[in-house]
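Computed over heavy atoms, backbone and side chain alike; hydrogens, waters and symmetry mates excluded. All chains are named by letter (A, B, ...) in the order of the sequence lines, taking the proteins before the strands, and each is independently numbered beginning at 1.
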Number of protein chains: 2
Amino acid sequence: MNLTVAEENYIKAIFHLQQAEGNVSTNQLAASLNTKPASVTDMLKRLTHKNLLNYEPYQGVTLSKDGKKQALTIVRKHRLWEFFLVDKLQFGWDEVHEVAEELEHVRSKKLVDKLDAFLGHPKFDPHGDPIPDSNGIMATIRQFNLIDINPTAWVEVCSVGIQSAELLELLRHKNIGIGTIFQVIRKFDFDHSIEISIKNSKSLNISQQLAQALFVKLV
Amino acid sequence: MNLTVAEENYIKAIFHLQQAEGNVSTNQLAASLNTKPASVTDMLKRLTHKNLLNYEPYQGVTLSKDGKKQALTIVRKHRLWEFFLVDKLQFGWDEVHEVAEELEHVRSKKLVDKLDAFLGHPKFDPHGDPIPDSNGIMATIRQFNLIDINPTAWVEVCSVGIQSAELLELLRHKNIGIGTIFQVIRKFDFDHSIEISIKNSKSLNISQQLAQALFVKLV
DNA sequence: AATTATTTTTAGGTAAATCTAAATAATTTA
DNA sequence: TAAATTATTTAGATTTACCTAAAAATAATT
Ligand SMILES: [Mn+2]
Ligand SMILES: [Mn+2]
Ligand SMILES: [Mn+2]
Ligand SMILES: [Mn+2]
């Protein structure tokens, strides 16, 4: 069953929204897709008719088993292309989302799998989000917000909460990226800033705002 | 002025058809785009209104200056992606057209130019067709059909007239590809087959059908 | 030149994906 | 719990990109 670009965008949006909050509302979808609630209702009916959603009028939606499978192949394509753009074409990770938003709709199983192999079967995209494999299975690691980590713990940066150019600029300046390993040294109550020490390197200060944008795993 | 996928496909089809025969007819376009003449007329009006065509009812169309510029950026994208698929992802050149048909519509000047650089600014696609540069300029070499070359001439294969898997299979078997250099030794009147001799290698026979599918330049 | 055949356009219609405005359902507040 | 507010759906339009059937223009044949 072949989906249109619009249908795929809806499926993907529902997938992401339901991760965070279970049942997804019409208004949430309208906001996330930059469209109007009335348009969303139309589309929900169409996707329900195609058995991709569990939809109860006025009660919001979730993806059906089929819908979830579709969503995972779109997410896989999106993240593989993002990896390609950053790793091979030298895009900054703040520039790739828009382009990947189009590339994710190119239909060719062979293309995706060959791209995956060409890239060396990456497990995470440039923002640290896991890439589903061809069976829709993706790594799930226990992530914590840096703001919640206590001193002396060693951690590895595994994703970012925001993808702005400004964040990227700051991280580059501080020499921090996905995969960087460091130890939390101290937390300051006054401004909630954090002192960290990057593996064999000098220690540096992380502001509250920055800490809130960084997700790490314990190592 | 941003074109839809359908509009881009029309512009590109007109570009290719007018190369061969000047004014392009409604029926030619309908055949080439797998659609109906009535639909073509509709679209011709829309594209004319956007100043991309010179269209005189009942007299066929050609691209305007603007239309030609648009066409060249689409052709550039199509051929760069084909090169990418064959050179980096190991597709056979009979498999790439369909996928490139979708990839060519991804809108990002930056993407195209970075892809071009990543690929090493290739001048020809896997079928031997020239790739326009970012200004729309492409190499033009004087090509001849192998069937028209006379004995003792040295030639280099520069493109193929057909892109079938069957042709690719045969060429691989004979160890011939784009760039292969050989000498035409003899032509046989009975079956119009040709004896050729590949540079430092044994001589071999090319059937009439094969010769008609190969385009070469004199070296 | 008149007839026939072919090509192209027009007329009228459909499905997808959007919209605005109005109606209805659900939730919150007083 | 009744009224007010908010969320969602329905009704009715619009645009794009197609379609079929019929009319009109052009080209080819007697
Ligand atoms: Mn998208
Ligand atoms: Mn990402
Ligand atoms: Mn195309
Ligand atoms: Mn090609």
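- In terms of position along DNA chain D, the nucleotide closest to A/Pro57 lies nearer the 5' end than the nucleotide closest to the other residue of the pair A/Pro57 and B/Val5.
- Across the strands present, D/dA27 finds its partner in C/dT4; the criterion is a Watson-Crick or G-U wobble pair with both atom distances under 3.5 angstrom.
- Going from atom CD of B/Glu8 over to atom P of D/dT16 covers 15 Å, rounded to whole Å.
- Pairing partner, D/dC19: C/dG12, with both Watson-Crick or wobble hydrogen-bond distances short of 3.5 Å.
- Rounded to whole Å, atom C1' of D/dT15 lies 14 Å from atom NE2 of B/His49.
- Heavy-atom contacts from other residues, nucleotides or ligands closer than 6.0 Å to CD of B/Glu169 number 12 or fewer.
- Within the nucleic acid shown, A/Ser39 comes within 4.0 Å of at least one base atom, counting heavy atoms only.
- To the nearest angstrom, P of C/dT9 lies 10 Å from CG of B/Asp42.
- To the nearest angstrom, C1' of C/dA15 lies 12 Å from CD of A/Glu7.
- Between A/Thr26 and D/dT9 there is a side-chain N or O to OP1 or OP2 distance below 4.0 Å.
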List the steps, then state whether side-chain hydrogen bond (donor to acceptor under 3.5 Å, both in side chains) holds for B/Ser64 with B/Asp66. CA-CA 5 Å; B/Ser64 71; B/Asp66 240 55; 5.7 Å; no
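- Considering only side-chain N and O atoms, A/Thr41 lies nowhere under 4.0 angstrom from the phosphate OP1 or OP2 of D/dT10.
- Atom CG in A/Asn23 sits about 14 Å away from atom C1' in D/dT8, given to the nearest Å.
- Proximity of A/Tyr58 to the phosphate of D/dT10: no side-chain N or O atom is located under 4.0 Å from OP1 or OP2.
- Here A/Lys45 does not reach the OP1 or OP2 of D/dT9: none of its side-chain N or O atoms lies under 4.0 Å away.
- Taking atom NZ of residue A/Lys36 and atom C1' of nucleotide C/dC19, one finds them 8 Å apart after rounding to whole Å.
- Using a 4.0 Å heavy-atom cutoff across all strands shown, A/Pro37 reaches at least one base atom of the nucleic acid.
- When the P atom of C/dT8 is taken as reference, atom CD of B/Glu56 falls 14 Å away, rounded to whole Å.
- Environment of CD in B/Glu98: sparse, with no more than 12 heavy atoms of neighbouring residues, nucleotides or ligands closer than 6.0 Å.
- Residues A/Leu167 and A/Ala213 approach most closely at CD2-CB, 4.1 Å, considering heavy atoms.
- Computed from coordinates, the A/Asn2 CG to C/dA16 P distance equals 14 Å when rounded to whole Å.
- Nearest nucleotide to the side chain of A/Ala38, out of D/dC18, C/dT10, C/dA21: C/dA21.
- Distances shown here put a side-chain N or O of B/Asn27 below 4.0 Å from the OP1 or OP2 atom of C/dT8.
- Relative to the ring axis of B/Phe15, B/Lys68 does not place its NZ or CZ within 45° and under 6.0 Å from the centre.
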